[in-house]
Amino acid sequence: MTPFAILSLIVVYFGILFFISHFVSKKDNGNEAFFKANKNSKWYLVAFGMIGTALSGVTFISVPGEVGAPTGEQFKYFQFVLGNAIGFIIIAKILLPLYYRMNLTSIYGYIEQRLGTYSYKTAATIFLISRTIGSAFRLYLVVIVLQRFVFDYYQIPFAVTVLISLGLIFSYTYKGGLKTIIITDTLQTFFLVSSVFLTIFFICKSLHLNAFEAFEEVKNSNYSKVFFFENFISSKFHFAKQILGGIFVTIAMVGLDQDLMQKNLSCASIGEAQKNMFTFTGIFVLINIFFLSVGALLYLYAGKNGIEVPLDFVTGKPRTDLLFPEIAFNHLTLIPSIVFLLGLTAATFATTDSALTALTTSFCVDFLGMDKTENLNKPNVVRTRHFVHVSFSLLMFFVILFFNSINDSSVVGMIFRVASYTYGPLLGLYSFGLFLKSKTVTDKLVPIICILSPALTFFISENSKTLFFGYVFDNELIIINGLITFLGLLAISKPALSTTRF
């Protein structure tokens, strides 16, 4: 597939998104539509569209790539997915009813009413920092793929590629916001899911296998181990670590994240929101099984055709996340290449457009107090929201350029992991608020607790082998982070004047 063909397909793809955006927002582009989609989103559209938001472009290329990684990961990621599913159910049964009872636009409004203003601003700041870094990182990794296979051919600088990508996202979201994204993400998820199934079909066809033969090939390969019960102390892959990590990462990074919850809060009722979450959970688990299957088939294809895992231009080390694009663009026919590109583009932009909308919403509500404005749709209030939206787009642009300037995958990866640590304090804040209703906190000290907690967690992670007899943390580290925050809040707690209703 030539760079021109790839570029042409991207232009057509965004043309469709622009058309949808114009149609959806031409009669209703106020703040009610941007923040809440007027509280009338169809639950089945939200459920399907959330798949595209939850599965970023990084997931699209990294999960299949990790199946054959030298570390021997195979299907271990599915253990984490099972933990995710349990976390989604907890969110649907505990957090969503809370948010609906309080009629929240920003979910951090709960912290304001429960613990105080400083706690509230701290929670919202944690989200803004974490989501900005996380979304920029995800977009950065996928822009690298587009740069390598398309824009380098036209000698377009990396900064221009990033600016074009963010400019396209901004242009179809700045009017309709969440109302537009509910529709566009549904379309993008369709492309994403279709690309997974079609990729399996085309690789099976290239390997001369039918569906049953492909299943047997994968099952009998060196890539199909799902459950890991060996070496609880020293192995990151152990079943218990993956399940617990999956549960608590989901609660913190989905249930306590404005981005994913904003879509749920756009449903008309708690019943519809819960139907959305349960449906989403089933689809999420199923689609990840197919992602892992794609990975196994890619490595089987590479092995039979003598294809090596591409090397990083800087470090010279194998980059498993580049195997999928390498095979799709350079070893399969035109149609599979188009299918892959549509899936990658859909996964990437469904995540980023949603993040920009959520960041804008959180800042406008949590720091500018727009939800307390008498008329959300006043022209001057809408103009302010436009300015905030532009500002976050530019902020993400500069963060991505910063990642690129570091030019060291280990350092960039560390920054992303540190960003993920910041969700731990949210877990501690909400746990304290929900489970210790007879207590409140010394509000002004909460920001200090939420800064010290991830720092202490990072120290524990880096020294766990020495401190805990060789124990190695993985995703379950977020439990430690949340627990440290919880204990810190308990240390600065005091009896509440009246027991909270929430």
Side-chain angles (χ1 to χ4, degrees), residues 3-26 29 33-34 52-53 56-58 60 128 131-185 187-188 191 259 341-342 344-364 382-405:
F4 177 77
I6 296 173
L7 192 59
S8 300
L9 186 61
I10 292 174
V11 170
V12 172
Y13 180 86
F14 277 100
I16 296 172
L17 295 184
F18 293 149
F19 173 78
I20 293 173
S21 174
H22 175 73
F23 179 78
V24 170
S25 64
K26 65 179 179 179
N29 55 19
F34 189 95
T53 304
S56 68
V58 178
F60 189 81
L128 293 177
R131 181 52 73 176
T132 299
I133 294 176
S135 297
F137 181 78
R138 292 180 179 95
L139 184 59
Y140 162 68
L141 290 184
V142 175
V143 169
I144 286 176
V145 174
L146 296 176
Q147 186 72 32
R148 179 167 181 159
F149 290 98
V150 182
F151 293 102
D152 278 345
Y153 178 82
Y154 294 105
Q155 298 183 329
I156 295 174
F158 179 82
V160 176
T161 304
V162 176
L163 194 62
I164 291 171
S165 300
L166 287 168
L168 289 171
I169 294 169
F170 172 82
S171 61
Y172 73 80
T173 59
Y174 85 101
K175 283 188 176 182
L178 187 61
K179 185 176 180 182
T180 298
I181 284 173
I182 295 297
I183 306 300
T184 56
D185 279 6
L187 177 66
Q188 295 191 101
F191 286 132
D259 188 358
L341 182 62
L342 284 173
L344 178 64
T345 305
T348 302
F349 292 100
T351 302
T352 310
D353 62 16
S354 179
L356 279 175
T357 301
L359 289 166
T360 302
T361 299
S362 178
F363 190 85
C364 288
V382 173
R383 281 195 299 271
T384 301
R385 187 255 297 167
H386 285 165
F387 176 77
V388 173
H389 199 171
V390 172
S391 299
F392 273 108
S393 300
L394 290 174
L395 176 61
M396 198 169 291
F397 170 73
F398 289 116
V399 172
I400 292 172
L401 292 189
F402 171 71
F403 284 146
N404 194 53
S405 68

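Side-chain contact between Thr357 and Thr180 is absent, with no heavy atoms from C-beta onward closer than 4.5 Å.
Although no hydrogens or angles enter the test, the distance criterion places a donor-acceptor pair under 3.5 Å between the side chain of Tyr154 and the main chain of Phe4. Side chain of Ser362 to main chain of Leu359: no donor-acceptor pair is present (N/O by atom type, distance under 3.5 Å, no hydrogens or angles). A donor-acceptor contact shorter than 3.5 Å is absent between the side chain of Ser21 and the backbone of Phe18.
Rounding to the nearest 0.5 Å gives a distance of 4.0 Å between CD1 of Ile400 and CG of Leu139. Taking CD1 of Ile182 as the start and CD1 of Ile20 as the end, the distance is 13.0 Å to the nearest 0.5 Å. One distance of note links OG1 of Thr184 with NZ of Lys179; it measures 13.0 Å at 0.5 Å rounding. To the nearest 0.5 Å, atom CD of residue Gln188 and atom CD1 of residue Ile183 are 12.0 Å apart. Note: Asp259 CG to Ile181 CD1 = 8.0 Å, rounded to the nearest 0.5 Å. Atom OG1 of Thr361 sits about 7.0 Å away from atom CG of Leu178, to the nearest 0.5 Å.
Considering every non-hydrogen atom in both Ser165 and Val143, the closest pair reads OG-CG2, 4.1 Å. Contact between Phe158 and Gln147 at its shortest, heavy atoms only, is CA-OE1, 3.5 Å. Among all heavy-atom pairs drawn from Phe34 and Thr173, the shortest one is CE1-O, 3.5 Å. Residues Thr132 and Val399 come closest through the heavy atom pair CG2-CG2, 4.2 Å. Pairing each heavy atom of Asp185 with each of Ser354, the nearest pair is OD2-CB, 4.2 Å.
Results of the side chain to side chain contact (heavy atoms under 4.5 Å, CB included) test with Leu146 over Ile10, Leu7, Asp152, Val162 single out Ile10 as the only residue that passes. Checking Val388, Leu356, Thr360 one by one against Ser393, the side chain to side chain contact (heavy atoms under 4.5 Å, CB included) holds for a single residue, Leu356.
Ring pair Phe403/Tyr140 is tilted by interplanar angle, where 30° to 60° counts as tilted. Between Tyr13 and Phe191, the ring planes lie tilted relative to each other; the angle falls in the 30° to 60° range.
No more than 12 heavy-atom neighbours from other residues, nucleotides or ligands sit within 6.0 angstrom of OH on Tyr153.
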Item checked: Pair Val382-His386, side-chain contact (heavy atoms from CB on, under 4.5 Å): steps then yes or no -> CA-CA 6 Å; Val382 173; His386 285 165; 3.7 Å; yes
